[in-house]
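The first residue in the sequence is number 1, and the count goes up from there. We count ligands from 1, going down the list as the structure has it; atoms in each ligand are counted the same way.
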Amino acid sequence: MRNFSATGVACANIALIKYWGNRDQELNLPSNGSISMNLAGLETRTTVSFDPDLASDQLSINVQPATPSALARVRVFLDRVRALAGITHFASVVSANNFPTGAGIASSASAFAALSLAATHAARLELAESDLSRLARLGSGSACRSIPGGFVEWRAGEDDQDSFAYSIAPPDHWDLVDCIAVLSENPKQTSSLEGHALADSSPLQAARVADAPRRLEVCRRALQERDFMRLSEIVELDSNLMHAVMLTSTPRLIYWLPATLTILQEVGDWRRDGLPVCYTVDAGPNVHVLCAAADVIQIADRLLHIPGVSHVLKASVGGPTHLVLELY
Ligand code: DP6
């Protein structure tokens with residue numbers, strides 16, 4: 001095989017029904033299914049080149065050589081691709097996010113989605129979307145949801161074969177926008193990877209997981225019917241349940257800052273005053289505030305006036321992971 005390259009671009013995604021905890025930590029088989037929305041414009045672009053002249057895999061992220069732990073995670077992933085394709089060459093991986101580094105936007109989802117497409121294409125594998133999603137899941141659970149476009153469901157599945165994500169509505173189905181109130185740009189102390197492993201230590205996790213099929217059904221229906229009030233209730237409940245599990249794990253995890261709670265209360269007040277708006281919070285302090293496209297300017301302005309908010313990123317509903325042509 002000659003030197004062969006490919007470049008993939010993938011969006012980040014925000015979970016409306018959260019993934020927290022694994023039944024199988026090695027295979028990233030989740031304790032419950034999840035639903036997310038791709039975030040347009042918050043993208044990772046990754047070029048993979050398998051090269052017979054390389055003596056080891058190489059990885060750069062945002063024009064810097066990657067840390068040994070990031071390189072090790074990518075190397076394990078490339079080994080899977082090499083095994084699937086029957087090749088042995090090492091690869092150079094060049095990856096960059098177009099959203100501010102350290103803005104608290106999970107980059108592992110867009111990173112492993114873009115890497116999955118670029119690496120398989122560079123290795124001349126043509127995978128079906130479901131198989132690409134399964135492969136991305138092995139790199140980072142939430143990455144499987146960035147492979148299809150629009151609003152996406154990841155079915156928990158029984159095993160490696162049937163745990164993958166698929167689109168439940170295209171990007172133009174509903175003009176929702178995620179206004180991300182950025183509070184902190186510091187890296188979090190406990191990664192999602194470590195957090196998933198702690199989920200079962202909370203006595204609340206079993207109840208959260210047992211009720212997940214109901215929440216998934218309510219969320220699916222609210223999306224299908226574009227019912228914002230129903231969506232708000234289930235999205236906020238689901239986020240609160242995940243943070244209740246985090247707070248009651250051993251050791252306990254507190255991802256919020258004081259301003260996080262202030263925003264949650266404000267958003268509740270705005271909705272009671274008639275503004276269609278709701279919140280969800282991932283494994284970090286920043287708050288994702290969902291609203292209709294028509295209300296973005298007003299919501300972003302209100303968020304910027306809350307002490308502690310440094311800036312607000314805005315993302316509409318994004319498309320699927322795709323290849324781009326590089327002109328050399
Ligand atoms: C809180 O799939 O990002 O964002 O890649 O192993 O770090 P690692 O985990 P990841 O965990 C996502 C956790 C979450 C909820 C969600 O996105 O569903």
Side-chain angles (χ1 to χ4, degrees), residues 10-39 42 44 61 67 69-70 72-74 76-77 95 97 99 103-116 133-148 151-156 163-165 178 180 187-200 202 205 208-209 212 215-216 219 234-247 249 253-256 260 279-288 290 315 318:
C11 299
N13 70 71
I14 178 64
L16 306 175
I17 300 295
K18 307 290 188 191
Y19 150 51
W20 195 246
N22 283 315
R23 281 173 295 138
D24 184 322
Q25 195 80 12
E26 289 294 301
L27 293 174
N28 279 346
L29 295 176
S31 301
N32 61 277
S34 54
I35 292 178
S36 58
M37 163 181 146
N38 278 0
L39 299 177
L42 302 182
T44 302
I61 300 176
T67 60
S69 68
R73 198 168 165 185
V74 164
V76 168
F77 187 85
S95 189
N97 301 323
F99 45 91
I105 314 303
S107 57
S108 65
S110 51
F112 277 97
L115 178 64
S116 298
S133 176
R134 287 174 46 231
L135 180 65
R137 188 199 80 228
L138 294 167
S140 160
S142 59
C144 76
R145 296 189 312 236
S146 284
I147 297 288
F151 298 91
V152 172
E153 177 160 1
W154 171 14
R155 53 191 274 180
S163 185
F164 57 86
D178 182 8
I180 308 164
K188 53 194 173 202
Q189 283 176 352
T190 308
S191 68
S192 300
L193 197 62
E194 296 164 295
H196 287 297
L198 297 178
D200 283 333
S202 164
Q205 171 72 345
R208 192 190 76 87
V209 170
R215 296 194 304 282
L216 288 164
C219 183
I234 206 69
V235 165
E236 292 190 356
L237 171 67
D238 191 84
S239 175
N240 293 346
L241 282 169
M242 182 182 74
H243 286 274
V245 166
M246 291 164 162
L247 283 164
S249 296
L253 299 173
I254 302 178
Y255 285 108
W256 295 356
T260 308
Y279 67 76
T280 183
V281 185
D282 269 350
N286 304 328
V287 185
H288 294 252
L290 300 173

K.L.:
Measure from atom 17 (O) of ligand 1 to every heavy atom in Arg145, Lys18, His196 and give the option owning the shortest one.
P.N.:
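Looking at heavy atoms only, the winner is Arg145.
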K.L.:
May I ask you to check whether Trp20 and Ser31 show a side-chain donor-acceptor distance below 3.5 Å?
P.N.:
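The answer is no; no qualifying pair exists.
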K.L.:
Rounded to the nearest 0.5 Å, what's the gap from NE2 on His288 to CD1 on Ile180? Could you check?
P.N.:
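Here the interatomic distance stands at 5.0 Å.
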K.L.:
Which of the atoms of ligand 1 are close to Gly141, meaning less than 4.0 Å from one of its heavy atoms?
P.N.:
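Result: 2 (O).
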K.L.:
Heavy-atom distance to atom 14 (C) of ligand 1: which of Leu193, Asn28, Asp282 wins?
P.N.:
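Ranked by closest heavy atom to atom 14 (C) of ligand 1, first place is Asp282.
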K.L.:
If you count the atoms of ligand 1 from 1 in the order shown, which ones are under 4.0 Å from a heavy atom of Ser108?
P.N.:
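Reading through ligand 1 atom by atom, the close ones are 3 (O), 5 (O).
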K.L.:
Does any N or O of ligand 1 fall below 3.5 Å from an N or O anywhere on Tyr19, backbone included?
P.N.:
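Yes: some nitrogen or oxygen of Tyr19 is under 3.5 Å from one in ligand 1.
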K.L.:
Quick one: which ligand 1 atoms are inside 4.0 Å of a heavy atom on Met242?
P.N.:
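Answer for ligand 1: 1 (C).
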K.L.:
Test of understanding: given a 4.0 Å heavy-atom threshold, classify the contact between Ser34 and ligand 1 as side chain, backbone, both, or neither.
P.N.:
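Neither part.
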K.L.:
Between Ser140 and ligand 1, is there a nitrogen or oxygen pair with a distance under 3.5 Å?
P.N.:
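Yes, at least one N or O pair falls under 3.5 Å.
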K.L.:
Against heavy atoms of Ala15, which atoms of ligand 1 measure under 4.0 Å?
P.N.:
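Here the atoms of ligand 1 in question are 16 (C), 17 (O), 18 (O).
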K.L.:
Hey, could you give me each pair passing salt bridge (Lys or Arg N to Asp or Glu O under 4.0 Å) that has a residue in residues 133-147? Not counting sequence neighbours.
P.N.:
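Salt bridge (Lys or Arg N to Asp or Glu O under 4.0 Å) check on residues 133-147 returns Asp131-Arg134, Arg134-Asp160, Arg137-Asp160.
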K.L.:
Should the pair Asp238-Lys18 be classified as a salt bridge under the 4.0 Å nitrogen-to-oxygen rule?
P.N.:
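So Asp238 does not pair with Lys18 through a salt bridge.
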K.L.:
Between ligand 1 and Trp20, is the shortest N or O to N or O distance under 3.5 Å?
P.N.:
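N/O-N/O distance under 3.5 Å: no.
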K.L.:
Once the angle between the rings of His196 and Tyr19 is folded into 0 to 90°, is it parallel (under 30°), tilted (30 to 60°) or perpendicular (over 60°)?
P.N.:
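Judged by the thresholds at 30° and 60°, the geometry between His196 and Tyr19 is parallel.
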K.L.:
Can you see which heavy atom on Ser95 is nearest to which on Thr44, and at what distance?
P.N.:
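Minimum heavy-atom contact is OG-CG2, 3.3 Å.
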K.L.:
Heavy-atom contacts under 4.0 Å between Arg73 and ligand 1: side chain, backbone, both, or neither?
P.N.:
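The side chain, only.
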K.L.:
Are any non-hydrogen side-chain atoms of Thr280 and Ile14 less than 4.5 angstrom apart?
P.N.:
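Of all side-chain heavy-atom pairs linking Ile14 with Thr280, at least one is under 4.5 Å.
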K.L.:
Using side-chain contact (heavy atoms from CB on, under 4.5 Å) as the criterion, list what pairs up with Asp24, not counting sequence neighbours.
P.N.:
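If we apply the side-chain contact (heavy atoms from CB on, under 4.5 Å) test to Asp24, skipping adjacent residues, the hits are Glu26, Leu27, Leu29.
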K.L.:
May I ask you to identify, for Ser142, whether its side chain, its backbone, both or neither come under 4.0 Å of ligand 1 on a heavy-atom basis?
P.N.:
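Both of them.
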